[in-house]
2 protein chains.
Amino acid sequence: MSRRVRDIDANQDLISEGDSPEDVHLILEGFAVRYKLTTQGRRQILAYMIAGDFCDVHVTLLRRMDHGIRTLRPSRVVRISPGTLLEILERQPAIARAIWLCGLVDEATQREWLVNVGQRSAPQRIAHLFCEMHVRMGIVGLTSNGSFELPLTQEELGDTMGLSNVHVNRSLKELRESELVTLRNGQIVISDVDRLKAFSGFDPSYLHLERTAPFAPADTDIA
Amino acid sequence: MSRRVRDIDANQDLISEGDSPEDVHLILEGFAVRYKLTTQGRRQILAYMIAGDFCDVHVTLLRRMDHGIRTLRPSRVVRISPGTLLEILERQPAIARAIWLCGLVDEATQREWLVNVGQRSAPQRIAHLFCEMHVRMGIVGLTSNGSFELPLTQEELGDTMGLSNVHVNRSLKELRESELVTLRNGQIVISDVDRLKAFSGFDPSYLHLERTAPFAPADTDIA
DNA sequence: CGGCTATTTGAACACCTTCAAGTACGGTGG
DNA sequence: CCACCGTACTTGAAGGTGTTCAAATAGCCG
């Protein structure tokens, strides 16, 4: 299976909207986004994918991709044929459950993003995202003490939150000046996690952490 | 199984956030929404559920509901125990696939809603939602000639789109005066479907219609 | 150094919200 | 039958949040 591991540069489409990819992709390392373009040429980023995330289990049933997937950092992915995947799902119920569970958490996250964009102010949205990524990066062992790498330009942040890059800039400034959180050179530093959570209204229950993550942290050697 | 069919009034919580329901619910008839409240007391509606939609397959794996489900119209639901469901999934692979497929379309819809709220203007958002519901209601045989029932107050519409009820009102007026679509007494009338699609940037591919719906239209007698 | 991209700031404007008040409508009870 | 009530819808006015356009600054890489 390790034969099917591939290294991808940053800013490459792994899969484009409309594709009917042969394989399912699993991120081993790096950072990628799920995104969609509107007819008017605007972009909405739908999800961030980090180590341990499946990109597109749906292609086993749905032919066409209704969105694209793009790396933002150099990434390592493994391609799994739907046949192999279905076989694993059948033979290893524990893994099947784990993959299903991951999908459910992804869905819950998708819902929370809608709440975020629909109901919160710009600084709150950004703060909420940072709280979420702090938790997620923590699970895979990529945080240290309220600090972690988040390789996003302000424009990409804007496309995530439904905001202009200019307004993202001003909101980040506001967060910095309130000494809640700073983002510099793709590095997040959270001064006081609890204050940031309170400010953004972050409640991690949608991440369903009580269930231990089925793919263990940092153990990216699944393949 | 028909023993487990229940009729519910309008505006009742079928399941509340934090619940650990025993059963999975399937809507047979009526109209319900998935929603979430923020700490600041705002509400985001996450999905509309109509005949043939599962409310909460996730509870088979995830204990706590991270959102609530509420009827907006008198509805008929059937409760299925996770055990029964898992048994069906195992014995009837065709149904298992169908249910899985439905879930994938729900996810795709969730993504498109994020695009909608994140990237489109108020009138476009509303128009896009109406296009989507026109298709969905059509699938279950509840449209007639660009017209269908959509039992939402303007406030509920606002909670769906991340807009105030006042602005929903003005946007609806705009849509009405452009002769694109009208909403009166919970009844949608689309004058020219193609113009409405063009206006809102609606592209139905995310609904994955090429795959015929596994639960046949109007045949609500699954139970 | 030069050229690229990302960030930062200013100014004007648009979209959307909030508050407030008035209107329409359906249901209930005298 | 009509008065009353509650809810939803409608409209106006003022203000706030976020956008757009434009230009300047900073940082990175060849």
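Letters A, B, ... are given to chains in the order of the sequence lines, protein chains preceding strands, and every chain is numbered from 1.
- Nearer to the 5' terminus of DNA chain D, by closest-nucleotide assignment, is the contact made by B:N165 (compared with the other of B:N165 and A:P123).
- Taking only side-chain nitrogens and oxygens, B:K173 never comes nearer than 4.0 Å to OP1 or OP2 of D:dC9.
- With 3.5 Å as the limit, one finds a donor-acceptor pair spanning the side chains of B:S16 and B:D13.
- Of the residues near DNA chain D, A:R184 and A:R120, the one whose nearest nucleotide (by heavy atom distance) lies more toward the 5' end is A:R120.
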Identify all side-chain donor-acceptor contacts of residues 165-175 of chain B below 3.5 Å with residues at least two apart in sequence or on another chain.
residue : atom : partner : partner atom : Å
B:N169  : ND2  : B:Q154  : OE1          : 2.9
B:S171  : OG   : B:H167  : O            : 2.8

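- The aromatic ring centroids of A:H58 and A:H67 lie less than 6.0 Å from each other.
- Comparing atom distances between the A:H167 side chain and each of D:dG18, C:dC19, C:dC16 picks out D:dG18 as nearest.
- In this structure, B:Y48 has its ring center under 6.0 Å from that of B:W113.
- If you check D:dG12, D:dT20, D:dA8 against the side chain of A:V166, the one that comes closest is D:dT20.
- Closest to the A:N169 side chain, of the nucleotides D:dC21, C:dC16, C:dT8, is C:dT8.
- Between A:Q119 atom CD and D:dG18 atom P there is a gap of 13 Å when expressed in whole angstrom units.
- Distances were taken from every side-chain heavy atom of B:S164 (C-beta onward) to each of C:dT7, D:dG18, C:dT18; the shortest belongs to C:dT18.
- Where A:R176 and A:R170 meet DNA chain C, the nucleotide closest to each residue was compared, and A:R176 sits on the side nearer the 5' end.
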